[in-house]
Chemist: 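Here it is: the structure, laid out below.
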Amino acid sequence: MKANITIMPGDGVGPEITREAVKVLQAIETSFGHDFTLEEVLFGGIAIDESGSPYPEETQRSCKNSDAVLLGSVGGPKWSDPNMKVRPEKEGLLEMRAHLGVYANIRPIKTYPQLIENSPIKNRYLDNIDMVFVRELTGGIYFGKKEKTESSASDICEYSKTEIERITRVAANIAQDRRKKITSVDKANVMATSQLWRSTTTELIAEEYTDLELEHIFIDAAAMHLLSRPADFDVILTDNLFGDILTDEAAILTGSIGMLPSACLGENSFGVFEPIHGSAPDIANQGIANPCGAILSAAMLLQYSLNLKEEAQVIEQSVSGVIEDGILTKDLTESSYVSTEEVGTAVMEKILQT
Ligand code: IPM
Ligand code: MN
């Protein structure tokens, strides 16, 4: 098949991990006879440096004209002064998510048997961890009106019923193909938005998805239960801020946040795909970053935006194979580790052998 894919390497470790994910996409192209047109564009801090804007018009155009976007990561100390006129996160990442309408952030959390030793959590809790977070991505406190004076500041958290309904449907459709259970996380004992969240999700599931079980838990309890009984969770549905926090926490279960991919989806098949980790400026340009989160994001891109399920599976199996072979970046092992590039090449070779 033919597809246009926009590549946004971004900042920090973004370029080095994205390079490996691109290598993997090209291996899939060769193996399966596809024709991917990849267009690399500026995004984030580097785009501020080059053009004054973290999400320049040319980048916007490329995204709008593509079937999917593969993103590395954005931000870094150079652009972190809150008084800067434009910032990679707010005017870049958040603006892009809103502009492209990708309101559903899918973050699968999966453990690899060979890696659970790396988790600080007792390993007996970590067998069979396989959960998917569905995080609302273009609303809530991230996007509400913000005010700041010398002596006070405020962030408005707002959700419409429609916004809650559409993200609930995304979670419900995923739950249909899994354990048919959704855990919705909110703070309905305190927040008005959470009360609307709870009543809206309850109503919608009761009306449209009668075979699904829906449970509600408060964010504080969820933060605890995620570590004390992680295997109980399957699909976790939550808002923008709670989802941001809980997915970083859940990453701890897997032993390294460097392994985890994500998809940001909207109403149609178009999506933005990025590892859930950040730009990690402290380890950038040393060749030690783990490219697996980016590579697995490329797999999600094939699955969700291009409907290439078999190809996505080949990538996932190749990554698992490379982990089993003990070809690991520094974050995954205390003994001898290999470079970002070596892991990418190993995954690529497995794909070409498949
Ligand atoms: C994420 C990141 C972003 C977020 C930041 C960089 C704005 O942490 O994708 O999880 O909070 O959404
Ligand atoms: Mn985050």
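Order of listing sets the numbers, starting from 1, for every ligand and every atom in it. We count residues from 1, following the sequence as given.
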Chemist: For Trp197, does its backbone N or O pair with a side-chain atom of Thr200 as donor and acceptor, under 3.5 Å?
Modeler: no
Chemist: If we count only N and O atoms by modelled type, under 3.5 Å, do the side chains of Thr201 and Thr168 hold a donor and an acceptor together?
Modeler: no
Chemist: Sub-3.5 Å donor-acceptor pair from the side chain of Thr59 to the main-chain atoms of Val41, do we have one?
Modeler: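 No.
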Chemist: Heavy-atom distance under 4.5 Å between the side chains of Ile141 and Asn240, does that happen here?
Modeler: no
Chemist: Compute whether any side-chain donor of one residue and acceptor of the other, for Tyr103 and Glu267, lie under 3.5 angstrom apart.
Modeler: yes
Chemist: Is the distance between the Mn ion (ligand 2) and the nearest N/O/S atom of Asp244 smaller than 2.8 Å?
Modeler: yes
Chemist: Please output the residues near ligand 1 using a strict heavy-atom distance under 4.0 Å, listed in chain and residue-number order.
Modeler: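 Residue list for ligand 1: Glu89, Leu93, Arg97, Arg107, Arg135, Tyr142, Asp244.
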Chemist: Decide side chain to side chain contact (heavy atoms under 4.5 Å, CB included) for Leu306 and His34; before the verdict, give the C-alpha distance in whole Å, the side-chain angles of both, and the deciding distance to 0.1 Å.
Modeler: CA-CA 11 Å; Leu306 308 185; His34 297 306; over 6 Å; no
